[in-house]
Number of protein chains: 2
Amino acid sequence: METKVSSLKKEVIIGDTQPTVIIGERINPAGKKKLAEALKAGDLEIVRSEALAQVQAGADILDVNVGTFGVDEVALLPRAVQAVMDTVDVPLCIDSNNPAALEAAIKIYKGKPLVNSVTGEERSLKRVLPLVKEYKAAVVGLVQDDEGIPKDAQRRVSIAHKIVERAEAAGIPREDVVIDCLAFAVGADTNSGLAVLEAIQRIKAELGVNMTLGASNISFGLPDRELLNNAFAAMVIAAGITCLITDAAKVRPAIIAADLVLGRDKHARRYIEAYRQRQRQQIVE
Amino acid sequence: METKVSSLKKEVIIGDTQPTVIIGERINPAGKKKLAEALKAGDLEIVRSEALAQVQAGADILDVNVGTFGVDEVALLPRAVQAVMDTVDVPLCIDSNNPAALEAAIKIYKGKPLVNSVTGEERSLKRVLPLVKEYKAAVVGLVQDDEGIPKDAQRRVSIAHKIVERAEAAGIPREDVVIDCLAFAVGADTNSGLAVLEAIQRIKAELGVNMTLGASNISFGLPDRELLNNAFAAMVIAAGITCLITDAAKVRPAIIAADLVLGRDKHARRYIEAYRQRQRQQIVE
């Protein structure tokens, strides 16, 4: 199954015969004090520089999230999306839990965006799915619902079914729904990695949809986060994840290695090219 | 299913509720000119120092292979096994494609060894299985047969079935058979990683046996081998591999990260301890 998103001139295809798509996570003020302060002041300079840096580091799509205390997202999200569109030509993942902000940003977006996100909560389904339908967008479906965030695989799978069914009922084709299985810190809950892996495998088998995941939460609170994030990325890609929300500069080499193992990199061309690129950067630095 | 092997005083359990077992690969002259020369001269000093270094680096079991042109394995393998037993107290994986050398080494081994290996070839099954039975050893079953080395998943699975059936018919319990699915360079054959992953998943589902793999072949001929080996290790462990033949010093961190994701490391204790150990070593160096 293929999910197609686009910027003005560029299309990115998410699918399990494609290389894993990287959604750059860095335009998001969560845990980034400097970016949060700049956004509160309406300053989009960091947004522009992060956009450029992430695309140079190999991000295929950029997530744009400006949600932080003291920011009017309805006003600022479209401005941030416009700033990123003016800086780089890659499809965007428009990210907010405020539907009015999503709508304002989708309206001015040129191309087919990924809308991040709808959840299994009634309020979210009713408000976000019509938007996605109206603007012919693709949407990330987060597996949480009115009963909260799931710990086990079974609830993740059930909520994924619900989101896909409701999307289809709203006239959104299944290929435009990308399920996010929600990964949590394995240091806090020993079974959280296993639950996510099981959910991914079952959702792939039962629904066949594309899936994404924030690949950095898993290591929260632990040392040597890159080691754990890299191992986790390889494992979830093998399980069925087709795009990852992550830091391209850090996790891309491991993702390309996983794609190579999975037969998605003929003659190891991307792997060798990425290696040469890292070598050149080391010489420059 | 649990495979138990032992040295004089130490038992190691291979099983999917256990941390992944690391079989140290470095006592093997393939591609190691200095070790090959020493073995030809009957000098076991490198064997002893490699034994010590690998156990310090976290190897749970040590593979002992002295096969190289110009070496009489029947004479030298028992001597090497004795030298390793005199140096470290971990179970050994006695490795030769010469059954007479295997027998000579098993005879003097104290404990329950892992015999590496039997294959699906008639000659091998007939000669090696009775040895394994007689000495109550465990055995690695390589998925190759009289028709050669398999490229696809299906033949690997068929040969695994054959080896397990023949072992059971010879009176060896299934838990004492550890299947090696054989990984080959993904740079030479784009599908080789995928074929191995599929074989692992099917053999786990159909036979339930423990499985091992040489985790370094996959990257042969490619740059940045550690990156690829680490990603591959995480993926095969998630697929069902319960012990890896590898370089403990290089791949152990990624293996421990994979175990953590799979819920085999409560409160991340091993992960954090391994991190601290690496920190201490960096201070010493």
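Because only heavy atoms are used, hydrogens play no part in the values below, and waters and symmetry mates are left out as well, while side chains stay in. Chain naming here is simple, since letters A, B, ... match the order of the sequence lines and numbering starts at 1 in each.
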Nearest heavy-atom approach of A258(A) to M235(B) is O-CE, 3.6 Å
What one should report as the nearest heavy-atom pair of A234(B) and A231(A) is CB-O, 3.7 Å
Taking every heavy atom of L228(A) against every heavy atom of A257(B), the minimum-distance pair comes out as CD1-O, 3.6 Å
Heavy atoms of D224(B) and Y271(A) approach each other most closely as O-OH, 2.8 Å
Notebook entry, point to check: Within a reach of under 6.0 Å around NZ of K250(B), are more than 12 heavy atoms found that belong to other residues, nucleotides or ligands?
Noted result: no
Interface check, chain A: of G187(B), P253(B), A239(B), most non-hydrogen pairs under 4.5 Å belong to P253(B)
Report task. Decide yes or no for V261(A) and V186(B): does some side-chain heavy atom of the first lie under 4.5 Å from some side-chain heavy atom of the second? Result -> no
Whatever's closer than 4.5 Å to a heavy atom in chain B on L197(A) counts as side chain
Turns out that what part of L260(B) lies under 4.5 Å from chain A's heavy atoms comes down to both
Applying a strict 4.5 Å limit to non-hydrogen atoms, the region of N230(B) in contact with chain A is neither
Cut-off 4.5 Å, heavy atoms of chain A, and the answer for R278(B) is side chain
Applying a strict 4.5 Å limit to non-hydrogen atoms, the region of D189(B) in contact with chain A is neither
Which of N191(B), L194(B), T190(B) passes side chain to side chain contact (heavy atoms under 4.5 Å, CB included) with L262(A)? Answer is L194(B)
Note: vs chain B, highest number of non-hydrogen pairs under 4.5 angstrom among A254(A), S219(A), A188(A), P223(A) is P223(A)
Heavy-atom neighbours of R276(A) CZ exceed 12 at 6.0 Å
no
Honestly, the part of A268(B) sitting under 4.5 Å from a heavy atom of chain A is side chain
